[in-house]
Amino acid sequence: VRASDRFIVGCLIVMGLCDFIQIVGGCSQSTRNTAINAAANTTLAAGSALVAFDGPHEMSIVAGASTKAAADAGLAAWQAERSKIQLAIVAATQAEIAALTANDNASLATMASAVAALVAELKADGVTLP
Amino acid sequence: MDPATIILELIEALAPVVANLIQKGVAAGLTPAQLQAALSTMQAQAAATFAADDAAAKATEAAKFPGQ
């Protein structure tokens, strides 16, 4: 099982535990901060992984194309995916900032969802976290 | 074992890469402003790298398919 998948499962479990602990006295601030910090680190690592992945991937698209039109189409398709990942990184970061600021369970849930969406985008395009 | 300890151990076990980054202090304890700044820096670096990557791919493409 990949670390990124385990992270998502972990976020979901943390959210569940936080909900439970909230009922009996509140999810601890340090635990919340650790979860947010882990999400922020994952998001920043995703940005670095995308930058490292881009150049070699574009070259492999050109190398694997049999015509210029096919290369153009392949590059355009990848660049569209790349833009989606960038948007997911921005969304995850904004959710992390909101979670740092708001200090409620709703913002933590939104953050976990945004990070999960980002990791799913990375996985779909073959970008692996370091 | 108390729930908070379980959660902390879980997070650490779940994401070795994240734990590694935190240990290195890459983004430990970022404030909202610092996180926003890190995002802006990342976006600027990505834009520059992607522009260079796109240009290199186009150059390689032109060399591979001359006249097309």
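Below, chains carry the letters A, B, ... as their sequence lines are ordered, and counting in each starts from 1. Any value given below was found using the heavy atoms of this structure, including those in side chains, with hydrogens, waters and symmetry copies removed.
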(request) Go through B:Lys58 and A:Asp72 one step at a time and tell me if the side chain to side chain contact (heavy atoms under 4.5 Å, CB included) criterion holds. (result) CA-CA 9 Å; B:Lys58 281 291 178 189; A:Asp72 284 340; 2.6 Å; yes

(request) Name the region of A:Ala99, side chain, backbone, both or neither, that has any atom closer than 4.5 Å to a heavy atom of chain B. (result) neither

(request) Kindly give the heavy-atom pair with the smallest separation between B:Lys64 and A:Val62, and that separation in Å. (result) NZ-O, 2.9 Å

(message) Rounded to the nearest 0.5 Å, what separates atom CD1 in A:Ile61 from atom OG1 in B:Thr60?
(response) 12.0 Å

(request) Could you grab the distance from atom CZ of A:Phe53 to atom OG1 of B:Thr49, nearest 0.5 Å is fine? (result) 15.0 Å

(request) Apply the test side chain to side chain contact (heavy atoms under 4.5 Å, CB included) to residues A:Ile89 and B:Gln43: give CA-CA distance (whole Å), side-chain angles for both, the deciding distance (0.1 Å), then the verdict. (result) CA-CA 10 Å; A:Ile89 288 173; B:Gln43 286 179 304; over 6 Å; no

(request) Evaluate side chain to side chain contact (heavy atoms under 4.5 Å, CB included) for B:Leu39 paired with A:Gln94, printing each intermediate quantity in order. (result) CA-CA 9 Å; B:Leu39 174 65; A:Gln94 297 302 343; 3.8 Å; yes

(message) Please classify the contact between A:Glu96 and chain B as side chain, backbone, both or neither, with a heavy-atom cut-off of under 4.5 Å.
(response) both

(request) Identify the two heavy atoms, one from A:Ala71 and one from B:Phe65, that lie closest to each other, and give their separation to 0.1 Å. (result) CB-CE1, 4.0 Å

(message) Given heavy-atom pairs under 4.5 angstrom as the criterion, report whether the side chain, backbone, both or neither of A:Thr43 touches chain B.
(response) backbone

(request) Supply the atom-to-atom distance B:Phe50 CZ to A:Gln86 CD, rounded to the nearest 0.5 angstrom. (result) 4.5 Å

(request) Could you tell me whether A:Arg82 and B:Asp53 have a side-chain N and a carboxylate O separated by less than 4.0 Å? (result) no

(message) Taking side chain as everything from C-beta outward and backbone as N, CA, C, O, which of these in A:Ser60 sits under 4.5 Å from a heavy atom of chain B? Side chain, backbone, both or neither.
(response) neither

(request) Could you tell me which of A:Asp54, A:Leu50, A:Val51 has the largest number of non-hydrogen atom pairs under 4.5 Å with chain B? (result) A:Asp54

(message) Looking at A:Lys68 and B:Glu61, would you say the former's side chain and the latter's main chain have a donor-acceptor pair under 3.5 Å?
(response) no

(request) Hey, could you give me the CG/CG distance between B:Leu35 and A:Leu44, rounded to the nearest 0.5 Å? (result) 6.5 Å

